[in-house]
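For the numbers below, each heavy atom of this structure counts, side chains included, while hydrogens, waters and symmetry mates do not. A note on names: the letters A, B, ... follow the listed sequences, proteins ahead of strands, and every chain is numbered from 1.
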Amino acid sequence: MPELPEVEIIRRGLEEKIVGLEIKNIEVIRPKTFQGDRKNLWGKKVLNVWRRAKMLGIDLTSDLTLLFHLKMTGQLIFEKGKEKIIGGHPTEDMLGPMPNKSTVVIFSFDDGSHLYFNDQRQFGWVKVIPTSRIEAEEKKLLGELGPEPLEKDFTWQVLKDNILKRKKTPIKVALMDQSLIAGIGNIYASESLFLARVDPRRLVNTITDGEFKKLHQGIVESLQTSLKHGGSTLSNFVDAEGKKGYFLNFANVYGKEGQACRGCPDKVVKITQAGRGTYFCPFCQK
DNA sequence: CACTTGACCTGTCCGC
DNA sequence: TGCGGACAGGTCAAGT
């Protein structure tokens, strides 16, 4: 799915476009995706758009919040006339006419605009929850979540303390554990470990303080670099002047199996950890 | 308890 | 061209 930067890009785009709009109707194409009573949403206005970990929340009037998780292949596409704001799993057809065959829910607003929730693999969901309960029941409603890595309180010591809640887990697997740090997925786990020059197979209890400091920098740097370039997906696509998210062009190791490493003459290697692909340079990352 | 694997789904790509 | 299998930016539940 979209990881932290991609969801954040979507959040920013939506915030700019849908705050103040009134929901006219919701068309649920795939019932399993939508949890709640859509009739409760008729006539409600959008108050704000927020993100926590990889989840996106749209607060509405009447103490209602739409909570989204895009999982692996979710896309949110806002369309008003010729204008499009796009984000999520990158596919060519997201540039084409909406809805398409992967559209699972359609939100219609009072000004004639639409928000399309597309999801090829259909793992994603959106649920209606009471806004007022989110703070008190975050664990129950959003799940156990570690700190936001781009917030000020995320220091290298916090990273270390949280990672060390695990004992014999490979560092790459721990980085993707949302209860330890929120928002890092398969791309940014590999990328931040490369920036820190740490081997993804290292067990968490072997990482030194110096390495935790570099890893902290690597996490922040990889996420911010991606945000700067619009995420690793399409974003802010307006009419025919499409602007893609180019992050993967800047990636050092992710998806670069067999290609030359940027830091040495060696080649990037791909291995499997906890069922997921991990990319790294065995020479640079010790 | 801590960690790994399978399941949820559809689509695409790669080798035979 | 067809087909099988592996794999895909995530997260649960079940299994070891």
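- Note: CG (A/D119) to P (C/dA8) measures 17 Å, nearest angstrom.
- By the rule that hydrophobic residues join a cluster once side-chain heavy atoms approach within less than 4.5 Å of another member, A/I10 and A/V46 end up as members of one cluster.
- A/R276 comes within contact range of at least one nucleobase, with a heavy-atom separation under 4.0 Å.
- When the nucleotides C/dG10, C/dC7, B/dT4 are ranked by their closest atom to the side chain of A/K270, C/dC7 comes out on top.
- Taking the side chain of A/M176 as heavy atoms from C-beta on, and the options B/dC9, C/dG10, B/dC3, the nearest nucleotide is C/dG10.
- Distance A/R121 CZ to C/dG10 P: 10 Å, rounded to the nearest Å.
- A ring-centre distance under 6.0 Å is not found for A/F280 and A/F194.
- For A/K101, the listed nucleotide lying nearest its side chain is B/dG11; candidates were B/dG11, B/dC3, C/dG10.
- Proximity note for A/R30 (side chain, C-beta onward) versus C/dT11, B/dA2, B/dC9: the nearest is B/dC9.
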Apply side-chain hydrogen bond (donor to acceptor under 3.5 Å, both in side chains) to residues A/R30 and A/T33 and explain how you reach the verdict. CA-CA 6 Å; A/R30 183 178 186 270; A/T33 301; 3.2 Å; yes
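- Using a 4.0 Å heavy-atom criterion, one finds that A/G185 contacts the sugar-phosphate atoms exclusively.
- Residues passing the ring-ring contact (aromatic ring centres under 6.0 Å, His included) test with A/W125 are A/H69, sequence neighbours excluded.
- The phosphate of B/dT4 (OP1 or OP2) has no side-chain N or O of A/K168 nearer than 4.0 angstrom.
- Distance from the side chain of A/Q122 is smallest to B/dC9 among C/dA8, B/dG11, B/dC9.
- Between A/T65 and A/W50 the shortest side-chain heavy-atom distance falls below 4.5 Å.
- Rounded to whole Å, atom C1' of C/dG10 lies 11 Å from atom CG of A/L70.
- Stacking here means ring centres nearer than 5.5 Å and ring planes tilted less than 30 degrees, and by that measure A/F123 does not stack onto C/dT11.
- In the hydrophobic clustering of ILVMFWY residues, with side-chain heavy atoms under 4.5 Å counting as a link, A/M176 and A/L223 come out apart.
- For A/Q120, whose side chain is taken as the heavy atoms from C-beta onward, the closest listed nucleotide among B/dT10, B/dC3, C/dG10 is B/dT10.
- Look at A/E138 and A/R52 and you find a salt bridge, because one of the NZ, NE, NH1 or NH2 atoms lies within 4.0 Å of a carboxylate O, short of that distance.
- With C/dG10, B/dG11, B/dT4 as the candidates, the nucleotide lying closest to the side chain of A/H69 is C/dG10.
- Among the heavy atoms of the strands, none lies under 4.0 Å from A/K165.
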Secondary structure of DNA chain C in dot-bracket form (Watson-Crick or G-U wobble, distances below 3.5 Å, | marking inter-strand pairs): .|||||||.|||||||
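- A sub-4.0 Å separation between OP1 or OP2 of C/dT11 and a side-chain N or O of A/K54 is present.
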